[in-house]
S.K.: 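One structure follows; several queries about it will come next.
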Protein chains: 2
Amino acid sequence: MGISHPTKSIAVPGRVAPRGRADLADALAVDTIHVGDCIAAIESLPAESVDLVFADPPYNLQLENALTRPDQSLVDAVDDDWDKFASFDAYDAFTRAWLKAVRRVMKKNATLWVIGSYHNVFRVGSALQDEGYWVLNDIVWRKANPMPNFRGKRFTNAHETLIWAAKGADAKGYTFHYDALKGGNDDLQMRSDWFIPLCTGGERLKDANGDKLHPTQKPEALLARVLLSSSNPGDVVLDPFFGTGTTGAVAKKLGRHFVGIERDPGYAAAAKARIDAVEPLSPDAIAPAPDKRAEPRVPFLSIVESGFVRPGERLICGRRRHEAVVRPDGTLSLGGIVGSIHKIGALAQGLPACNGWTFWHAERERSLVVIDQFRAQVRATMGAA
Amino acid sequence: MGISHPTKSIAVPGRVAPRGRADLADALAVDTIHVGDCIAAIESLPAESVDLVFADPPYNLQLENALTRPDQSLVDAVDDDWDKFASFDAYDAFTRAWLKAVRRVMKKNATLWVIGSYHNVFRVGSALQDEGYWVLNDIVWRKANPMPNFRGKRFTNAHETLIWAAKGADAKGYTFHYDALKGGNDDLQMRSDWFIPLCTGGERLKDANGDKLHPTQKPEALLARVLLSSSNPGDVVLDPFFGTGTTGAVAKKLGRHFVGIERDPGYAAAAKARIDAVEPLSPDAIAPAPDKRAEPRVPFLSIVESGFVRPGERLICGRRRHEAVVRPDGTLSLGGIVGSIHKIGALAQGLPACNGWTFWHAERERSLVVIDQFRAQVRATMGAA
DNA sequence: TTTCACTATGAATCTTCCG
DNA sequence: GCGGAAGATTCATAGTGAA
């Protein structure tokens with residue numbers, strides 16, 4: 001990979017080009033860190049070229065005084081110049097500028113993640129709504145080990161907020177690995193509150209003195225959940241506030257490409273070294289989990305033609321309350337009405353709609369077999385062919 | 001108590017006057033519901049007269065189509081006129097107007113609570129910062145039983161956000177019952193993420209048909225934690241969007257005074273009847289109650305994220321007859337099939353179901369460790385969850 | 001009385017393909 | 001772009017009534 005100063009870049013070796021764009025004159029150079037101004041760097045990228053954006057912008061913390069713990073040790077606060085803004089207006093102008101620039105380089109169905117705290121997240125959320133983004137979720141990162149409130153004047157600030165947004169309200173084709181997330185969560189839908197520890201220990205980058213290298217390094221587990229939920233292997237992930245490269249490290253590990261932008265050369269160099277040391281997971285470990293929506297369509301007629309169901313046979317609902325007759329053209333008949341497995345299922349129940357695949361069953365050796373199982377068998381033979 | 005139409009009010013009998021103001025000519029009439037326009041009613045109140053504000057404004061949900069559950073039943077959505085705004089600008093103007101009016105009637109050290117969802121909370125948060133309020137915390141209400149995402153297109157929207165703000169950055173003398181909250185929370189600081197069930201069952205007000213009377217009635221447990229943390233007995237609590245009077249009911253129960261504003265006479269009448277029926281707690285009983293929960297659910301993904309199990313590692317059953325590969329998204333892979341620890345455990349054994357937590361083991365120093373043990377260790381770190 | 005089966009419902013910005 | 005059809009999709013609680 002590489003680093004670019006305005007506009008110089010360093011590329012990580014041994015990485016492949018992004019899908020289908022390498023031949024373009026203005027092709028996006030991936031697995032690269034751009035060193036320089038965030039907005040100028042974004043504007044140098046091709047339009048509609050990235051699949052996902054993760055942004056961890058300055059929080060504008062507005063800290064006034066030093067803070068000590070009850071044992072009088074000093075809390076190492078975020079007091080960097082990059083986190084200081086003259087006013088809310090200045091912060092808002094900065095926010096709108098980078099959000100606007102980022103939106104231009106997002107593909108039609110790309111999505112954006114932004115992380116923030118109560119200091120800045122309301123400004124960011126309002127700005128992105130104003131810019132035309134469409135909020136899909138706000139996600140709460142519940143910290144396993146937050147810093148306590150040493151003065152006892154407020155609730156322990158134990159979470160940060162991520163906003164997940166599409167490019168617009170009409171962009172319905174965004175990536176979301178619903179089934180994989182559910183499978184990794186005890187077969188329950190993944191909720192909007194995530195419980196993840198802070199980035200500490202060996203994962204936290206240190207300088208020569210053993211002090212933390214970056215004040216707000218995010219845990220890789222957080223980025224992994226973001227990338228696994230809303231991107232595919234081979235996708236390009238843009239991080240306009242790259243810092244020490246957590247997004248890049250996780251992207252490489254999970255088989256995604258990244259484009260990082262970082263204005264501090266020291267952070268960029270640390271990120272490069274960190275990412276170079278990352279070993280990607282094996283392809284079969286990161287292959288997308290099966291997605292029911294991606295399965296090939298199988299007409300019910302194919303089930304009949306394959307002999308799994310005979311023309312003239314009766315199909316029965318799971319509770320044996322309704323039945324219909326299979327016709328040789330792959331429709332069902334019920335009381336003289338003929339229609340698709342879905343239409344007749346809906347008719348039988350008096351409902352506006354019905355998934356016939358899971359509603360109808362066939363009698364096999366005195367027990368009921370759902371016809372969706374026959375579809376799975378037909379699909380298995382399609383894959384083999 | 002009483003209800004006032006512009007400006008008529010109903011007062012609850014048997015209530016005491018607020019501390020130290022009953023002798024003023026423009027004294028605040030407490031334990032009263034004002035029926036009428038929110039902003040006009042706030043402007044009719046004396047300046048610097050309330051100790052706490054709780055506001056549950058319209059969320060501006062922007063729902064377009066009907067939504068059905070997988071069983072085809074219709075979701076009873078919030079489609080009331082009061083939640084419809086022409087644009088973000090219209091919503092922002094409304095928000096700034098009530099925030100400005102409310103700030104005038106707040107005492108110097110009063111604080112404000114506002115609840116919202118991602119649809120509106122960024123607008124509200126930005127507006128209150130712009131009006132000079134100083135954010136103290138954002139609080140996440142984690143819902144025990146949220147409505148699922150029926151289309152599988154997003155994360156379950158399982159929380160709402162509350163913003164807690166002081167009148168200004170210099171108002172340091174606000175009420176916060178740090179020790180009471182800590183004592184009611186296993187002697188740990190109360191965190192910014194609260195786990196509370198929805199308002200259902202007997203607590204939910206119903207109309208003559210048995211349908212919910214108000215679409216967005218909040219749970220009393222949520223209001224109780226708000227009032228217990230940031231107000232004192234005898235304080236005056238203003239709620240400019242009173243609805244069916246949850247704030248009033250909890251205030252009366254906890255020995256606080258309330259001022260409610262509600263533009264719908266039907267809601268106001270229901271609120272009055274509800275509050276009249278409330279029996280105040282004895283003074284010694286007014287203390288925060290811990291809500292002990294059952295064991296928190298831990299997704300297998302968290303075990304992977306915590307490093308107890310590595311992506312790519314093999315899990316083995318207790319008799320070493322079956323094995324599967326761990327994927328980074330918290331699913332398992334066996335012979336090309338990907339699914340949850342439970343699904344793959346069942347598949348390996350040819351059974352309809354399986355408890356993956358007790359079935360799968362990891363090899364550690366040549367002996368097998370059941371993955372349920374890792375779950376116990378993760379739970380131990382969750383502490384206050 | 002207890003248990004079980006079945007139904008109802010909650011602040012929700014909730015589809016995709018083909019002709 | 002539009003209309004119609006295919007077809008994918010739910011978790012925690014409460015309540016009711018039968019066994």
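The shown structure was predicted, so the numbers you read here are calculated from the model rather than taken from an experiment. Chain letters run A, B, ... following the sequence lines, proteins first and then strands; every chain starts at 1.
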S.K.: Does atom NZ of A:Lys100 have more than 12 heavy-atom neighbours from other groups under 6.0 Å away?
M.R.: no
S.K.: Check every strand shown and say whether A:Lys182 touches a base, only sugar-phosphate, or nothing at a heavy-atom separation below 4.0 Å.
M.R.: sugar-phosphate
S.K.: Could you identify the nucleotide paired to C:dC14, looking across every strand shown and requiring Watson-Crick or G-U wobble geometry with both distances under 3.5 Å?
M.R.: none
S.K.: With a sphere of 6.0 Å drawn around NZ of B:Lys218, does it hold more than 12 non-hydrogen atoms of other residues, nucleotides or ligands?
M.R.: yes
S.K.: Have a look at B:Thr68 and say if it touches a base, only the backbone sugar-phosphate, or nothing, with a 4.0 Å heavy-atom cut-off.
M.R.: nothing
S.K.: Base, sugar-phosphate alone, or nothing: which one does B:Asp56 contact when heavy atoms must sit under 4.0 Å apart?
M.R.: base
S.K.: Base, sugar-phosphate, or nothing for B:Leu67, non-hydrogen atoms under 4.0 angstrom?
M.R.: base
S.K.: Picking from D:dT10, D:dA8, C:dA11, which would you name as closest to the side chain of B:Glu160?
M.R.: C:dA11
S.K.: Paired with C:dA5 by Watson-Crick or G-U wobble geometry, both distances under 3.5 Å: which nucleotide is it?
M.R.: D:dT16
S.K.: Across the strands shown, which category fits A:Trp357 at heavy-atom distances under 4.0 angstrom: base, sugar-phosphate, nothing?
M.R.: sugar-phosphate
S.K.: Counting only heavy atoms from other residues, nucleotides and ligands, does the tally under 6.0 Å from CZ of A:Arg314 exceed 12?
M.R.: no
S.K.: Taking the nucleotide of DNA chain C with the nearest heavy atom to each, does B:Arg154 or B:Cys199 sit closer to the 5' end?
M.R.: B:Cys199
S.K.: Once you apply a heavy-atom cut-off of 4.0 Å, does A:Glu295 come out as touching a base, just sugar-phosphate, or nothing?
M.R.: nothing
S.K.: Select from B:Tyr59 and B:Phe150 the residue whose nearest nucleotide in DNA chain C is closer to the 5' end of that strand.
M.R.: B:Tyr59
S.K.: Using the C1' atom on both, measure D:dT10 against C:dT7 and round to a whole Å.
M.R.: 14 Å
S.K.: In terms of heavy-atom contacts, does CZ of B:Arg204 have more than 12 from other residues, nucleotides or ligands at under 6.0 Å?
M.R.: yes
S.K.: May I ask you to say what A:Arg319 touches in the nucleic acid, namely base, sugar-phosphate or nothing, with a heavy-atom cut-off under 4.0 Å?
M.R.: sugar-phosphate
S.K.: Under 4.0 Å, heavy atoms only, any strand: does A:Asn355 hit a base, just the sugar-phosphate, or nothing?
M.R.: base
S.K.: Is B:Gly202 touching bases, backbone alone, or none of the nucleic acid, heavy atoms closer than 4.0 Å?
M.R.: sugar-phosphate
S.K.: Quick one: the side chain of B:Lys143 and the base of C:dA11, do they pair up donor-acceptor inside 3.5 Å?
M.R.: no
S.K.: Once you apply a heavy-atom cut-off of 4.0 Å, does B:Thr216 come out as touching a base, just sugar-phosphate, or nothing?
M.R.: base
S.K.: Could you work out the separation of D:dG7 and C:dA11 based on their C1' atoms and round it to a whole Å?
M.R.: 28 Å
S.K.: What nucleotide, of C:dG10, C:dA12, D:dT9, holds the atom closest to the side chain of B:Arg69?
M.R.: C:dG10
S.K.: Which base sits across from D:dT9 as a Watson-Crick or G-U pair, both distances under 3.5 Å?
M.R.: none
S.K.: At less than 3.5 Å, do the side-chain atoms of B:Arg151 and the base atoms of C:dT15 form a donor-acceptor pair?
M.R.: no
S.K.: Within the 4.0 Å heavy-atom criterion, would you say B:Asn60 contacts the bases, only the backbone, or no part of the nucleic acid?
M.R.: nothing
S.K.: Provide the closest heavy-atom pair for B:Leu301 versus B:Gly330 in the form atom of the first, atom of the second, distance.
M.R.: CD1-N, 3.9 Å
